[in-house]
2 protein chains.
Amino acid sequence: MNKTISDIAQMAGVAKSTVSRFLNGGSVSEDTRQKIEHIIKQYNYVPNTFAQSLKAKKTSIIGTVVPRLDSYATSQTLIGIDEELRGLQYQMLIANTSQDMQREIDAIYDFARQKVSGIILLAAEITDAHLKAIEDIQIPVLLVGQQHELLHSLIHNDEQAGYLMGEYVVEQGHREIVYLGVSEKDQAVGIHRKQGFKQAIDECSDCTVRYYETSFKMSEAVITAAEILEKNRPSLIVAATDNIAMGVMKTASFQKISIPQQLSVAGFGGYDITEMIHPTLTTVKYHYLQAGKLAANHISKLVKGESVSQHTVMDVELILRESVDKI
Amino acid sequence: MNKTISDIAQMAGVAKSTVSRFLNGGSVSEDTRQKIEHIIKQYNYVPNTFAQSLKAKKTSIIGTVVPRLDSYATSQTLIGIDEELRGLQYQMLIANTSQDMQREIDAIYDFARQKVSGIILLAAEITDAHLKAIEDIQIPVLLVGQQHELLHSLIHNDEQAGYLMGEYVVEQGHREIVYLGVSEKDQAVGIHRKQGFKQAIDECSDCTVRYYETSFKMSEAVITAAEILEKNRPSLIVAATDNIAMGVMKTASFQKISIPQQLSVAGFGGYDITEMIHPTLTTVKYHYLQAGKLAANHISKLVKGESVSQHTVMDVELILRESVDKI
DNA sequence: CTGAAAGCGCTTACAG
DNA sequence: CTGAAAGCGCTTACAG
């Protein structure tokens with residue numbers, strides 16, 4: 001049977017409140033401190049979290065809502081959040097929504113019920129239902145990966161990413177370009193990343209670029225890429241994510257189109273695997289791990305009521321590798 | 001301000017206990033049922049989880065301890081657990097230990113403090129400290145991915161996996177073989193998988209196989225593979241995981257050794273990505289998602305006190321692809 | 001079916 | 001510095 005604070009108090013010959021004070025860093029005489037400490041150690045006493053939370057009406061838990069678990073971006077971000085939170089004495093609770101928007105909303109309310117101190121939200125799209133939930137719960141929320149004017153958010157510089165890539169490929173002499181993007185519902189990837197790219201291409205007078213759309217799944221990218229390559233033969237395909245880029249490479253290798261000699265390919269993300277494949281993939285690196293750590297810091301500040309800049313933008317980094325040829 | 005059960009009771013004109021009974025499915029008259037239901041709906045009342053747990057002394061949370069978040073096996077297993085648990089009305093709590101054994105132990109005790117109903121443990125090695133913790137907490141624990149005589153466990157058939165692979169490569173005519181494994185501290189991968197392979201090879205009289213060891217990291221596998229290929233030139237390298245296999249492929253492509261013409265490569269795991277790379281990787285598929293679902297089912301049974309077979313073994317499946325040549 | 005009361009294990013003013 | 005008491009929001013016998 002687990003000991004309670006009363007047991008400890010009794011055995012130490014003091015009042016419960018004294019033990020509680022000791023536990024919470026209040027002042028106790030050296031003498032009682034020793035007595036209590038001894039008993040606690042002896043019985044391996046640990047306070048009951050529920051009783052604590054019931055009184056204190058809060059916890060040291062940060063809830064994190066993620067759209068999926070099997071993505072490099074998500075897992076790296078989670079690792080960053082978790083590591084940093086540990087140092088800040090918070091626990092991380094993960095709610096996976098499998099890209100189901102209703103589950104996102106539910107998860108927010110669930111977290112509120114559990115009295116988490118703050119919520120980190122990784123979501124592709126913020127709807128009115130999200131905003132309502134966030135307002136309802138009265139708990140600090142930090143949005144990661146997307147920007148929203150009404151919310152504290154932490155994003156990667158998608159426009160910059162797109163621009164850097166666009167600038168580079170033009171510089172390498174590419175003129176017949178395909179950009180294989182994703183739905184504009186995902187503002188960060190679907191709109192901003194593409195915008196940045198477009199902007200760079202627009203500065204090149206004799207460039208043509210065709211825009212296509214696919215999903216985040218590599219398997220679908222393979223199919224879309226096949227359809228594209230059937231119709232045209234660009235010198236370069238820029239994919240909105242490394243995952244999609246790998247799908248394109250797959251299709252190319254299947255069709256015996258050699259990369260980068262016959263077709264250049266580039267992506268976004270900077271996944272570890274892109275360095276291991278052949279040829280290595282030119283990409284824009286996103287600092288997910290760092291983003292996670294920063295997110296943890298921000299949410300902890302928000303919880304404490306400290307101010308945090310409404311929008312934080314993380315720099316990205318162009319990584320030159322083998323998959324883009326100079327022509 | 002959140003309403004409490006007293007508020008609801010008062011507004012409905014009944015006693016707290018009646019509301020509680022209603023909430024917990026006890027019998028109430030049609031009349032009071034309606035009154036209570038109405039008020040609850042109106043004020044959007046949700047019971048305070050802490051107060052509930054404080055009394056009931058348990059929660060509907062299953063804790064899952066994972067060694068890392070950025071692994072295909074882990075994320076797939078987690079997804080399976082999460083999905084299944086949702087249907088069973090449990091919540092999943094994840095503790096990531098970053099392969100730090102002490103954190104594993106701590107996580108077990110932490111979960112106990114939080115009164116989780118059960119714990120699913122993904123761990124590479126079970127030490128006495130693990131066993132002590134598990135005994136201390138008096139909460140059902142299910143071990144996944146490793147077998148231990150004292151614990152309920154759910155494993156993949158590593159011996160079978162090794163054997164299937166060994167049998168196949170011998171059949172394909174390979175005689176000069178390298179097996180690139182991992183530390184025996186990880187019993188499942190380091191010992192059983194290798195054993196199964198060895199067993200198949202032993203049945204081949206003119207086969208020679210050299211055993212090497214590396215870590216689970218692709219980047220280290222690249223280095224180990226380079227060292228191996230410097231010394232010998234086997235016709236085939238079988239890697240203990242797909243990740244390691246991809247490291248080998250990387251080294252090969254770097255050294256302009258073509259796969260499978262000059263060197264065959266195979267792995268274990270069946271990661272999605274192995275189907276997308278070039279050449280596609282011959283591997284043994286592990287059913288991680290299903291394992292996760294089964295784990296969720298088992299732990300929920302253990303929590304209810306229902307019996308579950310002590311050891312469950314999941315079948316694996318040899319997947320023939322392009323990376324192994326017939327010679 | 002319904003209600004009053006006790007209690008889960010803490011924390012928090014308030015006296016002393 | 002220390003302790004008695006009230007209370008956090010529930011649930012659970014126990015009467016009625």
Side-chain angles (χ1 to χ4, degrees), chain A residues 1-40 43-61 89 109-110 112-117 137-138, chain B residues 1-40 43-61 109-110 112-117 137-139:
Chain A
M1 209 46 230
N2 276 325
K3 297 278 175 250
T4 73
I5 197 171
S6 306
D7 299 331
I8 302 301
Q10 200 180 341
M11 305 179 96
V14 297
K16 292 193 306 182
S17 33
T18 306
V19 178
S20 175
R21 218 176 306 114
F22 166 80
L23 253 21
N24 296 294
S27 49
V28 279
S29 72
E30 179 57 21
D31 203 37
T32 54
R33 214 209 74 221
Q34 292 202 347
K35 280 190 292 189
I36 297 176
E37 231 165 23
H38 179 243
I39 301 286
I40 286 185
Y43 290 94
N44 225 296
Y45 167 72
V46 280
N48 178 313
T49 355
F50 299 121
Q52 287 179 314
S53 308
L54 180 56
K55 275 304 286 187
K57 302 212 167 204
K58 66 181 194 93
T59 61
S60 49
I61 297 175
Q89 309 294 328
Y109 284 113
D110 279 351
R113 272 193 62 184
Q114 292 177 68
K115 305 279 186 287
V116 300
S117 298
I137 61 171
Q138 298 279 47
Chain B
M1 209 46 230
N2 276 326
K3 298 278 174 249
T4 72
I5 197 172
S6 306
D7 298 331
I8 301 300
Q10 201 180 340
M11 305 179 97
V14 297
K16 291 195 302 182
S17 33
T18 307
V19 178
S20 175
R21 217 176 307 117
F22 165 80
L23 253 21
N24 295 293
S27 50
V28 279
S29 73
E30 179 57 23
D31 203 36
T32 56
R33 214 209 74 221
Q34 292 203 347
K35 280 190 292 188
I36 297 175
E37 231 166 23
H38 179 242
I39 301 285
I40 287 184
Y43 290 94
N44 224 294
Y45 166 73
V46 280
N48 178 313
T49 354
F50 299 119
Q52 286 180 314
S53 307
L54 179 56
K55 276 304 286 186
K57 301 214 168 203
K58 64 179 196 94
T59 61
S60 48
I61 297 176
Y109 284 112
D110 279 351
R113 272 192 64 186
Q114 293 178 68
K115 307 276 186 287
V116 300
S117 298
I137 60 171
Q138 298 279 48
I139 291 173

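First the proteins, then the strands, lettered A, B, ... as listed; each starts at 1.
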Trainee: Determine whether B/L23 and B/Y45 make a side-chain contact, defined as any pair of heavy atoms from C-beta on separated by less than 4.5 Å.
Mentor: yes

Trainee: Hunt down the Watson-Crick or G-U wobble partner of C/dA4, both distances under 3.5 Å, from any strand shown, or write none.
Mentor: none

Trainee: Could you state the atom-to-atom distance from CD1 of B/I36 to C1' of C/dC1 in whole Å?
Mentor: 11 Å

Trainee: Between B/K3 (NZ) and D/dC8 (C1'), how many Å, whole number?
Mentor: 16 Å

Trainee: Quick one: look up who C/dA13 pairs with, Watson-Crick or G-U, both distances under 3.5 Å, and put none if it's unpaired.
Mentor: none

Trainee: Identify, between A/S27 and A/K16, the residue whose nearest nucleotide on DNA chain D lies closer to the 5' end.
Mentor: A/S27

Trainee: Quick one: B/N48 CG to D/dG9 C1', roughly how many Å, whole number?
Mentor: 6 Å

Trainee: From the options D/dC10, C/dC1, D/dG3, select the nucleotide whose nearest atom is closest to the side chain of B/Q52.
Mentor: D/dC10

Trainee: Once you round it to whole Å, what is the distance between C1' of D/dT11 and CD1 of B/I5?
Mentor: 8 Å

Trainee: With a 4.5 Å heavy-atom cut-off, do B/E30 and B/Q34 have their side chains touching?
Mentor: yes

Trainee: Return whichever of B/G13 or A/S20 has its heavy-atom-nearest nucleotide of DNA chain C closer to the 5' end.
Mentor: B/G13

Trainee: Does the side chain of B/V14 come within less than 4.5 Å of B/V19's, by heavy atoms?
Mentor: yes

Trainee: Can you figure out which of D/dA4, D/dC8, C/dC8 approaches the side chain of A/K55 most closely?
Mentor: D/dC8

Trainee: Select one nucleotide: of D/dG3, D/dC10, C/dG3, the one nearest the side-chain heavy atoms of A/R21.
Mentor: D/dG3

Trainee: Side-chain N or O of A/Y45 versus OP1/OP2 of C/dG9: is the shortest distance under 4.0 Å?
Mentor: no

Trainee: Heavy-atom nearest nucleotide on DNA chain C for B/V14 versus B/A51: which residue maps closer to 5'?
Mentor: B/V14

Trainee: Rounded to the Å, how far apart are B/L23 CG and D/dG9 P?
Mentor: 15 Å

Trainee: In this structure, how many angstroms lie between the P atom of D/dC10 and the CZ atom of B/F22, rounded?
Mentor: 14 Å

Trainee: Looking for any heavy atom pair under 4.0 Å, which part of the strands does A/T32 touch: base, sugar-phosphate only, or nothing?
Mentor: sugar-phosphate

Trainee: Expressed in angstrom and rounded to an integer, what is the separation of A/R113 atom CZ from D/dG9 atom C1'?
Mentor: 13 Å

Trainee: Please check the phosphate of C/dC1 (OP1 and OP2 only) for any side-chain N or O of B/T18 closer than 4.0 Å.
Mentor: no

Trainee: Can you check the A/Q114 CD to D/dC10 P distance for me, whole Å?
Mentor: 15 Å

Trainee: Ignoring hydrogens and angles, does a donor from either the side chain of A/S17 or the base of D/dA5 sit under 3.5 Å from an acceptor on the other?
Mentor: no

Trainee: Above 12 or not: heavy atoms from other molecules or residues under 6.0 Å from CD of B/Q114?
Mentor: yes

Trainee: For a quick test of reading the model, state the closest non-hydrogen atom pair linking A/I137 to A/A112 and the distance between them.
Mentor: CG2-CB, 3.4 Å

Trainee: So B/F50 and A/T59, side-chain contact (heavy atoms from CB on, under 4.5 Å) or not? Walk me through it.
Mentor: CA-CA 10 Å; B/F50 299 119; A/T59 61; 3.2 Å; yes

Trainee: For C/dT11, does either OP1 or OP2 sit under 4.0 Å from a side-chain N or O belonging to A/N24?
Mentor: yes

